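Note sheet for the following structure.
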Amino acid sequence: MFSGGVIEKKGKIKGIKQVGSISSNSSTSGTSSSSCSSHSNKSGSSSSSCSNNSSGGGGSSSSSGSSPPGTPPHVQMASHESLNSESKSSSLNSKLGHELAGSPSAGSPSPPKSVCSSSSTSTDQHHHNQLSHVLNATSKMTVRDGSRTLRPDEPSLVPGEHMEGTAREVTYLCPYTGPKKGTLSVTNYRLYFRSPETDPPFELEVPLGVVSRIEKVGGANTSRGENSYGIEIFCKDIRNLRFAHKQTDVQYPLPIDREMNITVFRRFRILQNFGGYGTGQINEENHSRRMVTEKLLQYAFPASHKLPFFAFEYCEQYPENGWSVYEPIAELKRQGLPNESWRITRINELYELCETYPAVWAVPAAACDNDLRNVAAFRSRGRIPVLSWIHPESQATITRCAQPLVGVSGKRSRDDEAYIQHIMDANAQSHKIFIMDARPSVNAVANKAKGGGYESEDAYQNAEVQFLDIHNIHVMRESLRKLQEVCYPHIDNAHWLSNLEATHWLDHIRCVLSGALRIADKVESHKTSVVVHCSDGWDRTAQRIGHGDDRHQDADRSPVFLQFVDCVWQIMRQFPHAFQFTEDLLITLLNHLYSCLFGTFLYNSERERMEKEVKTKTVSLWSLILSNQSDFENPLYNPATRHHVLFPLTSMRHLCLWDKYYCRWNPSMRQQEPVHIRFKELLHVKGQLEKRVDELRKELAARQTHDSPRVASAIV
């Protein structure tokens, strides 16, 4: 179904038949995954956990594996709570240790981190692993941010980030290792918690874009029990974080009659270290909680407060420009789009026809002679079929659109029927077209009562309608919610399989993957064009994450992009040699799907991104990835698979839960040795072997050239 995924010179990750691209942290490869842990490895990346035997905490010394002071934490995804995991690749490490004893040549790969001394964090190593500085924690030294001095318990800031507030004597209620008291800081980009109770200090870091909703726990009149008063933060990456604020009874002078100067004392619960008692303002809510809540609501949901996304303030410079990865028109032309069959058109020609559609369309050239307005009027929300992908050889296409508005009366549109015929005619290899309705057939029939429906094979000649049985976003959201309860914070090992089955998450993954496989089979094996749609054109497309919007119960939000990446991971499991990148790249994509650090995943369409000038005012996530490709390379990749079409098995017994992503916050699910360290070692060995093979080939060619005259003379 998918061809082998590769990271090209310009960073395209190939999809179906090597031309579909994933254009848009890894818990173990270049970005840190937060949880309640302190586990960082020597390569500078941290994976989350709850253990405190870490050497990678932000305030640790140079032996901790953290970056030098002042290095910006570009993509600190969840936390610097890192467990220190020493690489135990004994036999391979010993071999590499001998090979790397001398200084590497200019063209040789830098030594893997695991072969270095555990106390070694040289500048060269940090430059080699360019992602290490994104895991940088706060130095014990006091550093300056512009004109202000940062305290040791405050994070070093990325370009464009600034402090908004700090609350002390706050307790993080870790579900794995118990309460940890420390300082909670809020910036315009992230929430940062640091506890000095352990050595090295425990650190937790969460980009505010990950926050789904915030709830206050306890009130002024509730029980004074320990840790019963604070806030709970629900995240889009499965975690729930709870912080307790300290309540203290103090006697506060309250004048009753100023003329008589009569004063009485009342007891109020306020933060012990909160200053400014003389303001005369009395609020029985803990002041630090109020400050934190207000700042979190403001910067976690900027769209609701008419503020810009942090991506527009982030101004880090990368060697590679990620925005050059994907240009719609250039991509269509690169796919071999024949001008005589398809016409590329911009949104300004058809701007008013539909809602939030791409800025660049490709439509059948013959259809442009008809009135496309009639087609738009017959498709839900005006979303007419437009080209999504074209086979570079057969010219079979995949087009996507919204459902036809046939209704219970079975209305027809001659222009729409002719439009579908033009799509089929543009492919000379086949005289049939498949209309893949992504919905279950029951849902499609039910939509007729609402004025929608599906195409009739009697009306659309040479067309066959098939249903893919993929449920709508409401069912998917509920399934993901159940999966969150199963995976976080604790896993019931005794009932793991039954609990997982009850979520139906893998059932939905199977349906999505199976549907994609059926489409790929029609395009590749049968060389027929395919039209794909659901109801309104967004239920099963990668939109509407809800960035910056505090309406967490919005019914239009969808986890479909998460499902897409999950499907890619399922294929990678079955074809480990066909992808040049590792699952760490996929986790990085999902982490930054929510972080709002980059502009790649902002807004719902190309049109909106053009209007907001995203490409000129924000940094692309691909800038980070392309500048650090070695951190995502798969040492098992076989280039011979590059042009193969992959048809994965989609039965349930061949699918499994992606525990490295869904269960990554649980330390009991974490591997003892970070896999990416082993991958770096294998890549180094692979490079050495390839170099040796090249040398032997040159030596053999030289010998053949030297021996050929003598062989000829002997024959004479």
Side-chain angles (χ1 to χ4, degrees), residues 16 19-21 23 326-392 394-405 412-438 455 459-463 519 522-523 527-534 536-538 541 543 604-610:
I16 300 178
V19 294
S21 64
S23 86
Y326 180 74
E327 291 292 340
I329 293 182
E331 176 66 11
L332 290 173
K333 291 182 177 178
R334 190 190 68 79
Q335 294 180 17
L337 182 66
N339 292 330
E340 64 274 11
S341 300
W342 292 86
R343 174 188 168 192
I344 297 175
T345 181
R346 285 197 170 274
I347 195 66
N348 56 5
E349 301 177 39
L350 301 168
Y351 192 97
E352 70 281 5
L353 289 185
C354 68
E355 301 177 10
T356 61
Y357 223 77
V360 177
W361 296 5
V363 298
C368 295
D369 298 332
N370 301 333
D371 190 353
L372 292 180
R373 295 178 183 275
N374 293 336
V375 180
F378 190 67
R379 291 282 167 176
S380 178
R381 299 183 181 272
R383 290 169 178 166
I384 67 175
V386 297
L387 181 68
S388 294
W389 187 82
I390 185 169
H391 197 291
S394 68
Q395 305 301 313
T397 61
I398 299 176
T399 55
R400 59 176 287 249
C401 58
Q403 66 180 340
L405 302 178
R412 296 178 58 177
S413 170
R414 299 295 180 185
D415 289 316
D416 188 78
E417 294 165 13
Y419 189 97
I420 298 297
Q421 183 68 34
H422 292 319
I423 294 177
M424 188 192 74
D425 294 340
N427 173 20
Q429 301 290 321
S430 176
H431 298 288
K432 188 175 184 178
I433 189 170
F434 286 89
I435 299 176
M436 299 291 191
D437 193 320
E455 296 83 353
Y460 293 83
Q461 299 297 319
N462 304 313
I519 294 172
K522 299 302 181 186
V523 174
K527 304 186 187 311
T528 56
S529 295
V530 177
V531 175
V532 185
H533 71 72
C534 50
D536 296 326
W538 66 27
T541 51
Q543 300 180 12
N604 287 325
S605 70
E606 187 69 14
R607 186 180 86 180
E608 288 182 283
R609 285 186 281 272
M610 290 181 64

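From a predicted model like this one, the values you see are computed outputs, not experimental measurements.
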Side-chain heavy atoms of [X] within contact of [Y], under 4.5 Å:
X    : Y    : result
C401 : V531 : yes
L405 : S380 : yes
V363 : Y419 : yes
R412 : E417 : yes

| field | Rounded distance (nearest 0.5 Å) linking atom CG of N604 with atom CZ of R609 | value | 8.0 Å
| query | Roughly how far apart are I423 CD1 and S529 OG, rounded to 0.5 Å? | reply | 8.0 Å
Qualifying residues under salt bridge (charged side-chain N to carboxylate O under 4.0 Å, His left out), relative to [X], sequence neighbours excluded:
X    : value
E455 : R379
D425 : none
K432 : E464

| Taking only residues two or more places apart in sequence, or in another chain, which ones meet M436 in a side-chain contact (heavy atoms from CB on, under 4.5 Å)? |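 Counting only residues at least two positions away or on another chain, M436 forms a side-chain contact (heavy atoms from CB on, under 4.5 Å) with F434, Q466, L468, I519, K522, V530, V532.
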| task | List in chain and number order the residues that pass side-chain contact (heavy atoms from CB on, under 4.5 Å) with Q461, two or more places apart in sequence or in another chain; answer none if no residue qualifies. | result |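 Partners of Q461 by the side-chain contact (heavy atoms from CB on, under 4.5 Å) criterion come out as none, since no residue qualifies.
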| said: Under the side chain to side chain contact (heavy atoms under 4.5 Å, CB included) test against I433, which residue among T399, I420, T397 passes? | reply: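 One option only clears the test, and that one is I420.
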| query | Hey, mind stepping through N462 and Q421 against side chain to side chain contact (heavy atoms under 4.5 Å, CB included) and telling me if it holds? | reply | CA-CA 8 Å; N462 304 313; Q421 183 68 34; 4.1 Å; yes
| So which heavy atom on P385 is nearest to which on V375, and how close? |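 Looks like CD-CG1, 4.3 Å.
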| field | Which atom of S388 lies closest to which atom of R400, heavy atoms considered | value | OG-CG, 3.2 Å
| field | Non-neighbouring partners of N374 that pass side chain to side chain donor-acceptor pair (under 3.5 Å), sequence neighbours left out | value | D415
